[in-house]
Amino acid sequence: MTTRHLYLARHGAANAFGELTGIGHRQASLLGERLSGVPVDAVWHSPLPRAVASAHELARHLPDVPVTEAAELVDHVPYVPSAAETPPSWAGFFDGYDDIEAASGQRLAEALVARFAKVPDTTTEGARPDTHEVLVTHAYQIAWLVRHALDAPPSRWLGLNSANTALTVIEYRSGLPPTIVMFNDMSHLPADLRWTGFPEGMRP
């Protein structure tokens with residue numbers, strides 16, 4: 001059975017200008033140490049600086065693994081829900097989104113799923129039966145892929161937050177629905193580096 005293993009990670013902690021902080025570098029390095037025991041084939045990252053820096057930091061622990069930008073991983077709102085789908089606490093968040101912006105975000109979200117949320121292509125000569133790929137991206141993109149794996153309604157990406165460099169793993173197997181192996185796991189981080197990226201009131 002062919003399996004695609006996706007290791008999804010939000011970038012490390014960043015400052016108000018979108019640049020990785022010292023904490024973010026430490027978080028990404030610790031994630032790289034954790035992933036060093038995995039036969040990683042590729043590291044993909046969003047084009048945004050905080051994701052680029054995180055990917056290269058963790059890749060220091062993955063010698064000879066290619067690190068490549070993927071436009072589909074960029075930070076964006078993947079789906080703007082209708083008023084009936086929107087929880088009251090989220091209503092103001094979507095003020096100002098017009099139809100053109102919403103359609104553009106949805107196209108990007110569909111491209112993200114089409115590129116990564118599937119079993120590996122085994123028709124290519126020399127392709128391995130299983131692949132292990134790290135995706136360094138953003139909270140909304142992880143939420144969208146988790147929602148897709150669960151076959152949940154589009155609006156259910158709302159509220160699925162991820163901490164900085166937390167690990168989410170999804171497996172795609174031939175002939176079977178996707179499996180969420182873990183979500184938002186921070187066991188590679190010491191207590192003082194966990195839960196960054198969450199509002200203070202939401203941290204356990």
Side-chain angles (χ1 to χ4, degrees), residues 4-14 18 24 27 31 43-48 50-52 54-55 69-119 133-173 176-186 194-204:
R4 183 177 210 164
H5 306 262
L6 285 190
Y7 303 84
L8 311 174
R10 186 179 179 182
H11 57 81
Q27 290 170 324
L31 177 59
V43 174
W44 304 93
H45 62 77
S46 155
L48 299 182
R50 56 193 183 274
V52 176
S54 297
E69 180 179 303
E72 297 89 346
L73 295 173
V74 73
D75 195 12
H76 70 278
V77 171
Y79 177 78
V80 177
S82 67
E85 297 173 293
T86 306
S89 61
W90 279 83
F93 180 81
F94 298 104
D95 289 348
Y97 277 89
D98 59 29
D99 291 344
I100 293 174
E101 289 174 304
S104 175
Q106 195 157 356
R107 282 194 299 272
L108 263 175
E110 290 167 356
L112 172 63
V113 167
R115 181 168 183 180
F116 292 108
K118 61 182 182 179
V119 296
E133 298 160 86
V134 178
L135 274 55
V136 182
T137 183
H138 308 273
Y140 294 169
Q141 283 53 62
I142 295 169
W144 187 253
L145 288 169
V146 169
R147 178 220 62 82
H148 174 267
L150 293 172
D151 197 23
S155 62
R156 290 297 291 123
W157 73 270
L158 298 174
L160 290 175
N161 205 351
S162 292
N164 295 118
T165 71
L167 189 61
T168 292
V169 181
I170 305 177
E171 293 179 350
Y172 301 87
R173 295 183 177 90
L176 291 173
T179 299
I180 297 176
V181 178
M182 65 178 65
F183 174 69
N184 202 39
D185 185 87
M186 292 172 270
R194 296 180 183 179
W195 297 109
T196 65
F198 272 71
E200 287 289 341
M202 293 178 61
R203 299 184 189 185

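Scope of the values below: all heavy atoms of this structure, side chains included, with no hydrogens, waters or symmetry mates. Predicted, not measured: the structure shown is a model, and the values here were computed from it.
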Q. Would you find a donor on one side and an acceptor on the other, under 3.5 Å apart, between the side chain of R50 and the backbone of A14?
A.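 Pair absent, no side-chain N/O of R50 close to backbone of A14.
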Q. Backbone N or O of H138 within a donor-acceptor pair of the D75 side chain at under 3.5 Å?
A.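 Such a contact is absent between D75 side chain and H138 backbone.
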Are side-chain N/O atoms of [X] and [Y] paired as donor and acceptor at under 3.5 Å?
X: H76; Y: Q141; result: yes
X: H11; Y: S46; result: no
X: S82; Y: E85; result: yes
X: E171; Y: H5; result: yes

**Q.** D151 atom CG, over 12 foreign heavy atoms within 6.0 Å
**A.**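 12 or below, so no.
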Separation of [Y] [atom2] from [X] [atom1] (nearest 0.5 Å):
X: S54; Y: L48; atom1: OG; atom2: CG; value: 11.0 Å
X: T165; Y: Q27; atom1: OG1; atom2: CD; value: 4.5 Å
X: T137; Y: L145; atom1: OG1; atom2: CG; value: 8.0 Å
X: Y140; Y: L160; atom1: OH; atom2: CG; value: 12.0 Å

Q: Given side chain to side chain donor-acceptor pair (under 3.5 Å), test Y79 with E110 step by step and report yes or no.
A: CA-CA 10 Å; Y79 177 78; E110 290 167 356; over 6 Å; no
Q: Mind telling me whether F94 and W90 have parallel, tilted or perpendicular rings, with 30° and 60° as the class edges?
A: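 Aromatic pair W90/F94 classed parallel.
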Can you name the nearest heavy-atom pair linking [X] to [Y], along with the distance?
X: I142; Y: F183; answer: CG2-CE1, 4.4 Å
X: L108; Y: A71; answer: CD2-O, 4.1 Å
X: N161; Y: P199; answer: ND2-CD, 4.1 Å
X: A166; Y: M186; answer: CB-CG, 3.8 Å
X: S162; Y: R10; answer: O-NH1, 2.6 Å
X: W157; Y: A143; answer: O-CB, 3.5 Å

Q: Begin with the C-alpha distance, continue with both residues' side-chain angles, and end with the deciding distance and a verdict on side-chain contact (heavy atoms from CB on, under 4.5 Å) for V146 and T168.
A: CA-CA 9 Å; V146 169; T168 292; 4.0 Å; yes
(Q) Applying side-chain contact (heavy atoms from CB on, under 4.5 Å) to F116 and W44, what does each step give before you reach the verdict? (A) CA-CA 10 Å; F116 292 108; W44 304 93; 3.8 Å; yes
Q: Identify the residue among L167, I170, V136, N184 that makes a side chain to side chain contact (heavy atoms under 4.5 Å, CB included) with L8.
A: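 Going through L167, I170, V136, N184 one by one, the side chain to side chain contact (heavy atoms under 4.5 Å, CB included) with L8 is satisfied by I170 alone.
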Q: Check whether NZ of the Lys or CZ of the Arg R156 lies under 6.0 Å from the centre of the six-membered ring of W144 and within 45 degrees of that ring's axis.
A: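 Not satisfied by the 6.0 Å and 45° rule.
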(Q) Can you confirm whether L150 sits close enough to I180 that some side-chain heavy atom of one is under 4.5 Å from a side-chain heavy atom of the other? (A)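 Touching, per the 4.5 Å side-chain cut-off.
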Q: Check whether any side-chain heavy atom of V77 lies under 4.5 Å from a side-chain heavy atom of F93, and answer yes or no.
A: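 Yes, close enough: below the 4.5 Å cut-off.
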Q | Steps toward side-chain contact (heavy atoms from CB on, under 4.5 Å) verdict (V181, Y7) | A | CA-CA 10 Å; V181 178; Y7 303 84; over 6 Å; no
